[in-house]
Amino acid sequence: MVLKIFFPQCCNRADSGLLVGRWISGHDSAVVLAVIHYPFIPGQVKQYVQQMQAKSGVELSVLGSWSLPKEGQEGMESFLRDLSTIFPQQRWLQIHREIGKTGFTCEVLNRDQNGRVVQQETKKKSKKVEEEDGEAGGDKEEQEEEEEEEKVIFVHYEQRKVMLSQLHPIQNGVPDPKTDPPSELRQMFQTVATSQPLFFMDRYDDGPLKSTHWQSEGREASIIVELLKQASVPLCLLISWLLSIWTWICNIRIFSLYPLRWLSSKLSTCVQLSYKTEHMRTLSSAKPAAGHTQFMRKANILVSFLVDVALGMLLISWLYRDNHIAMLANTLVPAADHVAKELDELLQWLMGAPAGLKMNRALDQVLGRFFLYHIHLWISYIHLMSPFIEGILWYGGLSACLGLTFALSLLSDMVALLTFHIYCFYVYGARLYCLKIYGLSSLWRLFRGKKWNVLRQRVDSCSYDLDQLFIGTLLFTVLLFLLPTTALYYLVFTLLRLVVVLFQGVLHLSVDFINSFPLFAVGLRIFRPYRLAEGVKFRVLCEEPGTALHLLMEINPLKFSTVVQMYRTPTYSCYPKDSWAALVKKLFVGELIYPWRHKTIKTE
Amino acid sequence: MEDEAFTDINGKAISLDCQSHSGLCREFTVSSPKVSVGKVMVYTCCVWLLAYTVFFFTENTAVLSSAILITLLGMMLHIHFVKVDHESLLVIGSLGIQVSSSYASGRETTKFIEMSKIKDIVINEAIYMHQIIYYLCVLLKDPSEPDAVSSVVPLFQSSKPRLNCLVKVYKSCQEILSKC
Amino acid sequence: MGQRRRAVTNPSSRRVSGAPADVARVPSRKHNICMVSDFFYPNMGGVESHIYQLSQCLIEKGHKVVIVTHAYGRRKGVRYLTNGLKVYYLPLQVMYNQSTATTCFHSLPLLRCVFVRERITVVHAHSSFSAMGHDALFHAKTMGLNTVFTDHSLFGFADVSSVLTNKLLTVSLCDTNHIVCVSYTSKENTVLRAALDPKIVSVIPNAVDPTDFTPDPSQRLDDRITIVVISRLVYRKGIDLLGGIIPELCLKHPDLHFLIGGEGPKRIVLEEVREKYQLHDRVRLLGALEHKDVRGVLVQGHIFLNTSLTEAFCMAIVEGASCGLQVVSTRVGGIPEVLPNDLITLCEPTVRSLCAGLEAVIAQHRSGSVPSPASVHARVRSLYTWRNVAERTEKVYDRVSGEEVLPLDRRLRRLRAYCGPVAGTIFALFAVLDFLLLLFLQWLVPDRVMDVAMDATGPHGLWRPGPSSKVSGTKRAAEKDSSS
Amino acid sequence: MSVVRVMGPDSAPGPAVPWRKVLWERQPFPDNYVDQRFLEELRRNEGIRQYRYWAVVKEAGFVGQQLSCVAIFITLWLYMEQGLLSPERLLLTSLVCALLGYGLHQALTSQMESGCELRTRLADLQSATIFLSFTFGFSPVLKTLTESVSTDTVYAMSAVMLLAHLVSFPYAHPSTPGSLSLNAALFASVCLASRLPGALHTFAMLSCALLVFAMWPCLLQRLRENAPSQFTGLCVGVCIGGVGGLGSQSPGGAVLLALALGSVTLLCPLLLVMLQRHKDNIQGPWDEAEIHEDISHFLH
């Protein structure tokens, strides 16, 4: 078996003393956490270790002794060995480091049942190995020796980083039975992380024991943090109270009536509102976050919320400076008028012979008139409500103080309302076209003397009667010749519709982006790469002959892509829910397409 | 630390460098030849000639500047994301295996696999483009049932050494794995 | 394929065909054989099992065998089967029922890679429906390898499609060294189709493992007479005839039951018959059967019925007879050659004739004058064994490997001579192009750059059974990585 | 024995036992042994029927008459387009023809006693009314249908459709005209009719088309079954009528039609009979047996 000793870098130059740490069960590797310096009173050490164990819940123990002999104090061998009798352990490490050398040497003292100390030399220099009944028989010296030299691996780690870093993929709390025992590294990380209290005793306070380990930067910062924590609690309470009121209002029965609910499910503002509410609820829960993921989620939400609000404020400050709102309002109505006029012309064009296309004049006229009437209606409607638009905008603008996302979704709703006529046209066109397509397809089957078998879901051949054939063919011909006209109308209005949908889609995307982008995690990744560890990487330190293998363990930070897709807060995705091919197919057969996302495709 | 003449599957010369840090820890580095200046020149010339021809027809200097940009950008992207300078495999007995590949730009990606996850290291055959090649890969255990392979981590992916090289690496890897 | 594996190392089958003695007497050279066909496991059928069993027996005789087929879904890459039988699942596009699309060229790089790295000496293609097989023959000739082709199917001459396919067959067989057919009828057919010299066409029948198909009378129900039909439910298997037979007989004999295994487009016919005549309790449609379940179905029956409209060599009837059933079959293709007359009742492919035949057999059953299943099995088991097939095929290889491969110019001349002016010229052109492509590839990836594959089988094979061995480890890895 | 058991190719033939074409017993012959009985079951051109010229011509006559039916229809259309034929007259004539034809049809049907389910008069009347009403109702729509489409397009379309009609016409038993052929013909006639000056024209044209393409084949079939001799005469008559009619409008068309008829009815049969001699069809045990008896009666 190979013995792995995880050794904190900060202890490299510590003066001699005792190694406090933990044996990782099952992997025979030791994690050194701290060095307690001479002089000490063994009793106090034991007691200290006891209380640390109680505090941190790690089975701490005295692993062995660490000697970095200064000038003058030599030959502590025997003394150190005696120490092992004072702190009874299954194994006792003696790690030496000469001044000149970088490498360490380590001796392992195994204590077998009847208390005798069994020693195994791991020094290369010591050519002869004094051997009682170790786990290797004493007969074959050389090969024995060869093996002995390989026994120990020193893994140096930076205590602070390891303590603060979070190993991915996260398995929080209870390790599931399938994967246990948790892997060595994971245990090691856990050990260091949980033995935090050990490090709060710093060098300057005059305890009975002096020890070396990572020194937490001064207390002040932590004090402030504490104060903030205290302060945040009542705030959370307040917010949650407000939330409860808000939810109560939302749940009044009027709102849950059918049309309203339907409307609210379609209006992205309402969706946004409920969504924000949910977020605030998660934020304002008074109890501290359980586990890393929870914490990250909260932090992400908080940060993105703050950023959102900040952007919103910017927007407001722009809007209400030398009243841009009025300007907007004054531009908006003419814009709508303009659009209507454009449509009007478009229709006129269609009612002629557009692009030299051969269309059936009668049908063309009918459709054109129909749509023209619609536009007329629309224009009058716009003019009816033109005086109020500025007010609407003014109040709408206020909503930006709830965040940019809110303003954006409001905007998208407005767009939807202002382009309602286009939507109507689109729907009429689509329905008509759809009807034609289906009729044609079924009649084409009749034309070929086939029919669709509903039971077997396939096309069967079938013999029709004369009259069926005759009428079918008549209808087929009629539909076929009328198709171009409807198809053209459909095409034009679909294009218009697509423009609107595209615009709204962009809005939704940006909103979704702001809501779900894990700003906090990314910031962490940039400024404290070691906090989110994908794994570790080892470097072989320059080893000189005669000492065991020395590795430097560094933390391998998580990839950005992983960070983003791991920590992005789940939202209703508003990405097109079907592939492009499906979309095109839908367009072709004339099914309706909608910009708003359906509840069913909530991506987690 | 010895060098034979190894080639990759396309017959290009590559060099294998085995460093044995101690009985427990070995490092294998397969380094493929550097970016040949000639090739770069050729590509650049092609792009620029194209640009000049376009420029000749459309008197538009934007074409030229864009061409220059394209070449520069392409080169950077190539050395940063595509061109792998050397790949190394660090086997530490009883601790794990570390696979790292460093790009021409100095970017380095590292992956460490713990010994508890590793099932075995094998040489395997796969169909690659229009040929069938041998490659070295680490078999990962399936945590649920121990004697099944959950997934495979291929080694030396960008510089594809030939069998003799792989066998060398394979043997010494097996030595270390068998020790613990 | 569990029980097929058993067959390879089986004392009884060894005793049946005195294989070891002959091998000892005729020490034959060892070959590196590459079996190429579109049809192989996981696809199930006669050709597939033929290839598998033949390869196993050849491996046992110390040859090196690799199988090349196309990728089946996620099963691509390199796999190892029992006894280190290596299978290449090449990623080639499948066109029409499991046969790859052929352009005569695009499969060359991979096939060449296989041939070179496995040091193949003989290329053995199977089934004239397999485009990949024909490609392999073509490329093998370009690379100067000897080729063998096994034809498993019969073809008419009536319609346009068959005219075309026969032309193609002519082209691809015109410089194949030796052709193997599974029955004399099939030989005649192939000789006519590909305009071959009958001297280079050998007849080596298929085989079945008698150990897989042992009778078990206890499974039969005595209060009834069960007729078993096991075939794909397609037109060529005469399912329409079956649809005519079932009502006729069921009306006459109230104790008659039908047990039909198999799946296919014609299933609808049987279902309609069943519904129309209310026979749900007497006609059981088992759907598609695993190969290992076939015996379990067979032993439940008294009579095995085969209504095929065309068959080169019907393995089903042999399996049925081997399970001790009375076989009633249509007299088509090679079927009359397969079983001696006292084991099979041959009828014309008409409902009336088949009904008459079945009636006769049923009458025998009632009178109890049928031979016992055990005796039937005892007779059949010695007829067709894979070892025997392997030995005869081995002889073919011996003969082939002696022959010299035509250089390009003579090959072209031969093509022109055999395949008529038009097709001949076209394919001569193809041959030239193929040759040029080969040269290009050899320049691109020289043979010396390709690693020689480790022999799992053959004279010094490294195959060590057992999960601990590296080879099987490799195999598992291959499976994994092919899936990824 | 074991020597005999395994015979590769080119082994020396064993004792002179007669070779048998069986696989179950291992014979003392090499695997690639070729017996003199090789291919003895090969049969050529079996069951090939010898055509007699005039019979074929008679059959081909039917095709010819269908061709000339189309010609007649086109002639009628031409007449109407130039206003030489008023829709009322066409309607009247077609009505008379229809009645005559219906009577004849009924007579023939009642004459043959194998009466598979006879359509009642009522049903006939019903479908007739349906035809007329729908055609009448749609004729204005149809009239305006193709006005924006250029004339050439319409001609091309109708030509293609008529061709499709001729190709896909079930000459074997046209009692129930195949749906594709009928539909094609109707489509063509609608296209043509929509070119006519008035809605009434369209109506007349369509009903005429119905008469020619839907009713006429049924009647003709009956004739063929019951009175073959008159049938031939009728075919010849129709052909002549078609040629003459077309001739009255466009002589060139008439000539073409005549040529076409001649080639279809006289030349093609000649070729068929001549080429029979060169037929070489190989049959053998390997052929896929085809099912002769009718299985379908087991199903329905």
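Below, each value reflects all heavy atoms present in this structure, side chains not excepted, and no hydrogens, waters or symmetry copies.
Atom OH of D:Y79 has more than 12 neighbouring heavy atoms from other residues, nucleotides or ligands inside a 6.0 Å radius. Remark: A:H338 NE2 is loosely packed, at most 12 non-hydrogen atoms of other residues, nucleotides or ligands lying under 6.0 Å away. For A:R431, the CZ atom counts as loosely surrounded, since its 6.0 Å shell holds 12 or fewer non-hydrogen atoms of other residues, nucleotides or ligands. For CZ of A:R445, the number of neighbouring non-hydrogen atoms (other residues, nucleotides, ligands) closer than 6.0 Å is greater than 12. Other residues, nucleotides and ligands contribute more than 12 heavy atoms inside 6.0 Å of the OH atom of D:Y155.
Both the backbone and the side chain of D:F131 come within less than 4.5 Å of a heavy atom of chain A. If you measure heavy-atom distances from D:L142 to chain A, the contacts under 4.5 Å come from the side chain alone. Proximity to chain D (any heavy atom under 4.5 Å) is restricted, for A:L475, to the side chain, taken from C-beta onward.
At least one side-chain heavy atom of D:I130 sits under 4.5 Å from a side-chain heavy atom of A:I471. Annotation: side chain of D:L186 is not in contact with side chain of A:L474 (no heavy-atom distance under 4.5 Å).
To the nearest 0.5 angstrom, D:M161 atom CE is 10.0 Å from A:T473 atom OG1.
A perpendicular orientation is assigned to the rings of D:F187 and A:F447, their planes being inclined by more than 60° (bins at 30° and 60°).
Outside the 6.0 Å centre-distance limit, the rings of A:F470 and D:F134 are not counted as a close aromatic pair.
Here the closest non-hydrogen pair linking D:L145 and A:N360 is O-ND2, 3.7 Å.
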